[in-house]
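To keep things clear, I will list the structure first and then write my remarks on it.
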Number of protein chains: 2
Amino acid sequence: MKYNKNRKNREKLAISQIQSAGMRLTPQRLALAKRLFSGPDRHITAEELHSELKYADVRISLATVYNTLNRFTNAGLLREFFVDSNQSYFDTNTEPHHHFFYEELGKFVDVPINNLNIEFLTSPPKGTQVDSVEVFIKLSKVDSSNKK
Amino acid sequence: MKYNKNRKNREKLAISQIQSAGMRLTPQRLALAKRLFSGPDRHITAEELHSELKYADVRISLATVYNTLNRFTNAGLLREFFVDSNQSYFDTNTEPHHHFFYEELGKFVDVPINNLNIEFLTSPPKGTQVDSVEVFIKLSKVDSSNKK
DNA sequence: AAATTGTTTAGAATCATTCTAAATGTATTG
DNA sequence: CAATACATTTAGAATGATTCTAAACAATTT
Ligand SMILES: [Mn+2]
Ligand SMILES: [Mn+2]
Ligand SMILES: [Zn+2]
Ligand SMILES: [Zn+2]
């Protein structure tokens with residue numbers, strides 16, 4: 001039965017992520033890791049994850065969600081990013097990439113790094129090196145009233 | 001005397017910005033507007049502005065700094081942006097542009113829009129339109145130990 | 001199984017920001 | 001140039017996301 005095999009594999013992946021961060025395996029961490037690391041990449045806040053877990057009847061305190069997200073981030077399993085001043089988002093995709101932001105939905109979608117070609121027409125300032133280049137593209141539903 | 005003429009011009013610019021936002025001219029707003037709108041573009045937090053003003057012996061409450069920055073932002077004179085979860089930054093440059101971020105200094109420098117050429121190798125999702133494209137480039141001091 | 005070490009938790013603390021309501025300032029009117 | 005209306009400033013309280021504290025609990029080592 002393929003269904004149970006996938007379930008097992010997702011669990012294994014989650015466990016290996018926790019252990020790769022040098023953290024003990026606990027039910028709370030496993031529940032978080034499964035939601036974060038099995039399935040498509042996510043862009044999510046601590047509060048959102050906490051409600052997801054509550055909805056799934058996983059008992060976990062908000063403090064533990066924060067602790068775990070921060071430790072995953074320090075271990076390089078997540079990346080934290082910021083789009084408004086009152087909440088942090090965590091990105092499960094830690095490779096260099098860009099983002100579409102759907103304004104109406106408030107949702108992010110990854111843009112693979114080689115979907116964009118960025119050409120510097122002026123070189124970066126002397127004495128500096130470029131550590132990262134991130135593009136943030138705001139999208140909205142097509143507005144057909146925008147006729148030329 | 002050129003010095004006093006520049007001073008007067010900066011004041012006039014500040015006044016016209018306040019009035020273009022449909023706001024009454026007050027000493028607090030004038031002090032803020034002068035520091036924001038005369039001189040090179042800035043990327044600054046409310047607290048930073050508040051200390052600058054305190055240092056210059058301008059008496060203004062932090063609440064007024066926040067109120068004014070928010071009203072300037074709503075009027076399109078400033079743009080708010082976010083780089084960490086605990087403070088908002090305000091950008092005096094409201095035209096589309098990109099940013100260098102000097103990691104060691106925690107400072108931002110504008111990159112004119114046509115210093116970068118961005119080519120989409122895949123078109124944006126059907127039914128959506130691109131509202132803005134912003135590039136954020138992290139810079140650090142050259143690390144000569146990075147030899148190939 | 002005792003001892004050690006790591007984890008979770010509730011609730012308190014922190015801190016940027018917003019809100020409240022009273023005092024003060026600016027504009028308008030007669 | 002009062003009197004009134006309306007806008008702004010302010011101190012301090014409230015809010016809300018995040019972090020901290022310290023006690024209970026769980027996992028690991030001996
Ligand atoms: Mn953090
Ligand atoms: Mn704001
Ligand atoms: Zn992403
Ligand atoms: Zn800028």
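All chains are named by letter (A, B, ...) in the order of the sequence lines, taking the proteins before the strands, and each is independently numbered beginning at 1. These figures come from a predicted structure and were not determined experimentally.
- B:Q17 places no side-chain N or O within 3.5 Å of a backbone atom of B:L77 that could act as its donor or acceptor partner.
- Judged purely by atom type and a 3.5 angstrom limit, B:T92 uses its side chain to pair as donor or acceptor with the backbone of B:R42.
- For the pair B:P124/A:I137, no side-chain contact is recorded, criterion being any heavy-atom separation below 4.5 Å from C-beta on.
- Map A:L62 and A:R71 each onto its nearest nucleotide of DNA chain C; the residue landing nearer the 5' end is A:R71.
- Residues A:L36 and A:L69 have side chains in contact (heavy-atom distance under 4.5 Å, counting atoms from C-beta outward).
- In this structure a side-chain-to-backbone donor-acceptor pair under 3.5 Å is missing from A:D110 to A:P112.
- End-to-end axis angle for the helix from C:dA1-D:dT30 to C:dG30-D:dC1, using five pairs per end and rounding to 10°, comes out at 20°.
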Identify all pairs in which a protein N or O lies below 3.5 Å from an N or O of nucleotides 20-26 of chain C, and state each distance.
{"residue": "C:dG25", "atom": "N2", "partner": "B:R24", "partner atom": "NH1", "Å": "2.9"}
{"residue": "C:dT26", "atom": "O2", "partner": "B:R24", "partner atom": "NH1", "Å": "3.3"}

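- Of the side-chain N and O atoms in A:Q28, none sit less than 4.0 angstrom from OP1 or OP2 of D:dA26.
- Ionic pairing of A:R79 and A:E134 is present here: one or more N-O contacts between side-chain nitrogen and carboxylate oxygen are shorter than 4.0 angstrom.
- The nucleotide whose nearest atom lies closest to any side-chain atom of B:N86 is, among C:dT18, C:dT8, C:dA16, C:dA16.
- Residue-to-nucleotide proximity on DNA chain D shows that, of B:S61 and A:Y66, the 5′-proximal contact is made by B:S61.
- When the side-chain nitrogen and oxygen atoms of A:T64 are compared with OP1 and OP2 of C:dT9, one or more of them lie within a distance under 4.0 Å.
- What you find for B:H99 and B:V111 is that their closest heavy atoms are C-CG2, 3.9 Å.
- Taking side-chain N and O atoms only, B:Q87 has no distance below 4.0 Å to OP1 or OP2 of C:dC15.
- OP1 or OP2 of C:dT8 has at least one side-chain nitrogen or oxygen of A:R29 nearer than 4.0 Å.
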ring-ring contact (aromatic ring centres under 6.0 Å, His included) between B:F108 and B:F81, worked out | CA-CA 11 Å; B:F108 305 88; B:F81 70 105; 5.1 Å; yes
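- In this structure, B:S88 reaches the C:dT17 phosphate: one of its side-chain N or O atoms is under 4.0 Å from OP1 or OP2.
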